[in-house]
Amino acid sequence: MKIYEKDPRISRIKRELSDRRVILVTGAKGGVGKTVISALLGLALSERGKKVLLVDADVTDPNLHVIIGVDPEKVKPGEAKGIEPLTLTDRIGYIGLAPYTMNRPTPLRGPEAVDAVRELLGALDYNGYEYIIIDTPPGLDDVLMDLIHLTGDHALVIVVSTPSRMSQDSTRRFMALLKDLNVENVVNVVNDVIGIGRSGRDSFNVPHDALLEEALGSIKRLKNTEAYNAIVRLAEAVDP
Amino acid sequence: MKIYEKDPRISRIKRELSDRRVILVTGAKGGVGKTVISALLGLALSERGKKVLLVDADVTDPNLHVIIGVDPEKVKPGEAKGIEPLTLTDRIGYIGLAPYTMNRPTPLRGPEAVDAVRELLGALDYNGYEYIIIDTPPGLDDVLMDLIHLTGDHALVIVVSTPSRMSQDSTRRFMALLKDLNVENVVNVVNDVIGIGRSGRDSFNVPHDALLEEALGSIKRLKNTEAYNAIVRLAEAVDP
Amino acid sequence: MHEWAIAEAISREVEANLEKARIRRVKVILGELQNIDLDVLKQYLEMMLRDVAPNVEIDYETEEAVFKCRRCGYTWTLADSSLSEEEREAIHFVPEAVRAYVKCPKCSSPDFEVLRGRGVRLIFEVE
Amino acid sequence: MHEWAIAEAISREVEANLEKARIRRVKVILGELQNIDLDVLKQYLEMMLRDVAPNVEIDYETEEAVFKCRRCGYTWTLADSSLSEEEREAIHFVPEAVRAYVKCPKCSSPDFEVLRGRGVRLIFEVE
Ligand SMILES: Nc1ncnc2c1ncn2[C@@H]1O[C@H](COP(=O)(O)OP(=O)(O)O)[C@@H](O)[C@H]1O
Ligand SMILES: Nc1ncnc2c1ncn2[C@@H]1O[C@H](COP(=O)(O)OP(=O)(O)O)[C@@H](O)[C@H]1O
Ligand SMILES: [Mg+2]
Ligand SMILES: [Mg+2]
Ligand SMILES: [Mg+2]
Ligand SMILES: [Mg+2]
Ligand code: NI
Ligand code: NI
Ligand SMILES: [Zn+2]
Ligand SMILES: [Zn+2]
């Protein structure tokens, strides 16, 4: 007789996610625009008629909701056959930790952050979503490693960077890591957050957009930005 | 009879750090300029005649060395009465994980990152350093929490943000957390990485500096930037 | 209540393990923070496992939540913390949300361990 | 070698615990990754503890390094990994650097646990 413990969330997460297109939006550094790009890519894919779920996996500093105009202190998450994503439009859903913490500070150590993300993905009602876009924490951390173990064999991994030397140095290491982890489906996005003016060769480029800040919080205004236009081209490549 | 395990690094770290001025450079988000500000503040304090040690505690994505022009693949760390910091000038030392990993990708789970930082601080030769400036990983994580537990009762905690709503929303939660942790010695720095043009009221402001990128890697050039000039004023407040 | 998804997750995990070993018994441990309706869960799970794993015995056990402060070392329970209905509801979705509402009663730190009683754990007994 | 700082750290920890309890024995466990020169450490530590803790017995024990892959579950040892002098040297400073040089022999993942043999651990036996 043998006794061992198992996490009941893994099998369900793997099964549900292997049936859908999963996009991990990652980056070696913070502040490179991972969250902005997650949101804009979700909008662009929904405009192409796809049903998209935005997952905020940056559980210790969730802010995807700021971009899409969700006030986590006001929404009340539902549940029926599972945790129900908030529906922004009939083709965009959102799920994250912020609605459950009422946007209060929530320090989580690495293994605890992994637990929180597994809980969201493990108990979710995936009903009808074709694209699952997961916005990840900055850099290499427990949550990112866990998400790669769970989905890295089929997910598209978007690696966001800026043209700065600081970011490019980090990105070189990050790309080498993805290779060690046998992640093959990788797209580089160079996003000029700082306004350096350089762009990358083998990558999608997103220009510096001085009007983005004013558009945050409104899906309508976001769709009129230059940054969105650049991401529309990324969406075309992702969803041909 | 009772048996228990103890980490031999804690007592030494606490004792050595309580004798010196410790500055934790933190931020709720990545990409807000924590690392740039750590380096520039170190330069500014050394110009005031102080002996300063720069500690890169962002162990999964170390890049402080990029700013100060250290090539981690070329330096050979020394040891005698402890791990010897690299000396950049006779008043600036540097220590981090990058020289020991030869700048290769090094994924560390949260508790392992804590171990790496405790090892650096626990076995260090602190000889003569008056200021210990610790550059931390983005946001809330295991390393930051551990550093706050180790030094939060006496360290100066610099909280870096940008004027963006994304950053200010995160910073509000972060400040509330520091309060819960009884950290009292806090300074806010609003750094306009993106070029939004707004500045904060009760904070030090660092303007957007289009020439900073070109100055990275050279201490001499860094000292000619506008960003450095702003940090010189911060150094005056920190070291009156 | 989202017991259906939790039951499905457990059933999928039992199924996945059945492919590898002969399972005699599965102990389902339900942490207090997740506040699962045991009767509802039982009903769904029995229904789901009836065909998949008819010979596996399922036991249920509840586990009290116990916290330990990482700052000062103090240990306390959920019963020592007064939470509103709304807060309990939020925590039952994602137990980690507890750190937004509960703080160490001694030193106010939200950096604490959940020693026991978080969420669902499965203990397999195989031949 | 930085045995001096490590000895000082151990001695400070023994001192701090002496204030709280009567320590009978301290077991110093030396992980293989840290590659400490036992004789040098002993010499420093005995010197430091002579006045501070004359009645505390110190035992030394070395611990082999064992790794377990978080991706595929494979388990292996440091002896299975071929490292250059320079790499061993880097790891002896900060054992976590091992992830820059060692990868899972089965699946190449650098995301693995160090099950045993990391660095210095102290086991106190008090009355
Ligand atoms: N192309 C861009 N032009 C101007 N500002 C941008 C651009 N992309 C992102 N930003 C801004 O940069 C900051 C960081 O973006 P964010 O998505 O939060 O990054 P991350 O998720 O990688 O930390 C935000 O204030 C955001 O509004
Ligand atoms: N005041 C500024 N003006 C222009 N660029 C800046 C400024 N401060 C920082 N940067 C740039 O912003 C990026 C992020 O800075 P960094 O120090 O790496 O942030 P963090 O350490 O918080 O992740 C880097 O490319 C850096 O060169
Ligand atoms: Mg983000
Ligand atoms: Mg991190
Ligand atoms: Mg940094
Ligand atoms: Mg983090
Ligand atoms: Ni429920
Ligand atoms: Ni040594
Ligand atoms: Zn406490
Ligand atoms: Zn492996």
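Residue numbering restarts at 1 for every chain, and letters A, B, ... go by the order of the sequence lines.
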J.: Pick from Ile6(D), Ile91(D), Asn17(D): which one has the most heavy-atom pairs with chain B under 4.5 Å?
T.: Asn17(D)

J.: Return the option, out of Glu113(D), Glu127(D), Glu86(D), with the maximum number of heavy-atom pairs under 4.5 Å with chain B.
T.: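 Most heavy-atom pairs within the cutoff with chain B belong to Glu86(D).
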
J.: Below 4.5 Å, heavy-atom pairs only: which of Arg12(B), Lys81(B), Glu79(B), Met102(B) has the largest tally toward chain D?
T.: Glu79(B)

J.: Heavy-atom distance under 4.5 Å to chain B: side chain of Arg22(D), backbone, both or neither?
T.: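 For Arg22(D), neither part sits under 4.5 Å from chain B.
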
J.: Assess the side chains of Tyr131(B) and Asp239(B): does a donor N or O sit below 3.5 Å from an acceptor N or O?
T.: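 Checked: Tyr131(B)/Asp239(B) side chains pair up, N/O donor to acceptor below 3.5 Å.
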
J.: Is any side-chain heavy atom of Thr136(B) closer than 4.5 Å to one of Val143(B)?
T.: no

J.: Give me the contact list for residues 23-56 of chain B versus chain D, heavy atoms only, anything under 4.5 Å, ordered by residue number.
T.: none

J.: Whether the side chain of Glu3(D) engages the backbone of Asp37(D) through a donor-acceptor N/O pair (distance < 3.5 Å, no angle test) should be reported.
T.: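 Yes, the answer is positive, given that a donor and an acceptor are paired below the 3.5 Å cut-off.
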
J.: Arg221(B) side chain to Glu214(B) main-chain N or O, any donor-acceptor pair under 3.5 Å?
T.: yes

J.: Distance check, rounded to the nearest 0.5 Å: Glu13(D) atom CD versus Ser11(B) atom OG?
T.: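 Interatomic distance, Glu13(D) CD to Ser11(B) OG, rounded to 0.5 Å: 3.5 Å.
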
J.: Should the heavy atoms of other residues, nucleotides or ligands under 6.0 Å from CZ of Arg116(D) be counted, would the total exceed 12?
T.: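 No, the 6.0 Å shell around CZ holds no more than 12 heavy atoms from other groups.
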
J.: Please flag which part of Arg25(D) lies under 4.5 Å from any non-hydrogen atom of chain B: side chain, backbone, both or neither.
T.: neither

J.: Any idea which of Ala80(B), Ala113(B), Gly122(B), Pro99(B) has the most non-hydrogen atom pairs under 4.5 angstrom with chain D?
T.: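 The option with the most such pairs is Ala80(B).
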
J.: Side chain, backbone, both or neither: which part of Glu16(B) has an atom under 4.5 Å from a heavy atom of chain D?
T.: side chain

J.: Do you know which of Ala5(D), Gly119(D), Ala21(D), Ser11(D) has the most heavy-atom pairs with chain B at a distance under 4.5 angstrom?
T.: Ala5(D)

J.: Which atom names give the shortest non-hydrogen contact between Tyr129(B) and Gly93(B), and what distance separates them?
T.: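 That closest heavy-atom pairing would be OH-CA, 3.4 Å.
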
J.: Checking Glu8(D) against Arg12(D) for the salt bridge (charged side-chain N to carboxylate O under 4.0 Å, His left out) test, could you report, in this order, the C-alpha distance in whole Å, the side-chain angles of both residues, the deciding distance, and whether it holds?
T.: CA-CA 6 Å; Glu8(D) 188 182 64; Arg12(D) 293 249 185 271; 3.5 Å; yes

J.: Find the one option among Val94(D), Val98(D), Val26(D) whose heavy-atom pairs under 4.5 Å with chain B are most numerous.
T.: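 Heavy-atom pairs under 4.5 Å are most numerous for Val94(D).
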
J.: So Ile3(B) and Phe124(D), do their side chains get closer than 4.5 Å, heavy atoms only?
T.: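 Not touching, per the 4.5 Å side-chain cut-off.
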
J.: Select, from Ala123(B), Gly78(B), Ala116(B), the one with the greatest count of heavy-atom pairs under 4.5 Å involving chain D.
T.: Ala116(B)

J.: Go through the atoms of Lys76(B) and report whether side chain, backbone, both or neither lie under 4.5 Å from a heavy atom of chain D.
T.: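 Only the side chain of Lys76(B) comes within 4.5 Å of chain D.
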
J.: Tell me, please, whether Phe112(D) has Arg71(D) positioned over its six-membered ring: NZ or CZ under 6.0 Å from the ring centre and within 45 degrees of its axis?
T.: no

J.: For Tyr44(D), which atoms come within 4.5 Å of any heavy atom of chain B: side chain, backbone, both, or neither?
T.: neither

J.: Report the C-alpha distance between Arg118(D) and Asp115(B) in whole Å, list the side-chain angles of each, state the deciding distance to 0.1 Å, and finish with yes or no for salt bridge (charged side-chain N to carboxylate O under 4.0 Å, His left out).
T.: CA-CA 10 Å; Arg118(D) 185 206 160 276; Asp115(B) 250 334; 3.4 Å; yes

J.: Keeping the roles fixed (side chain from Asp80(D), backbone from Thr77(D)), state whether a donor-acceptor pair exists under 3.5 Å.
T.: yes

J.: Identify which part of Pro105(B) has an atom lying under 4.5 Å from any heavy atom of chain D, answering side chain, backbone, both or neither.
T.: backbone

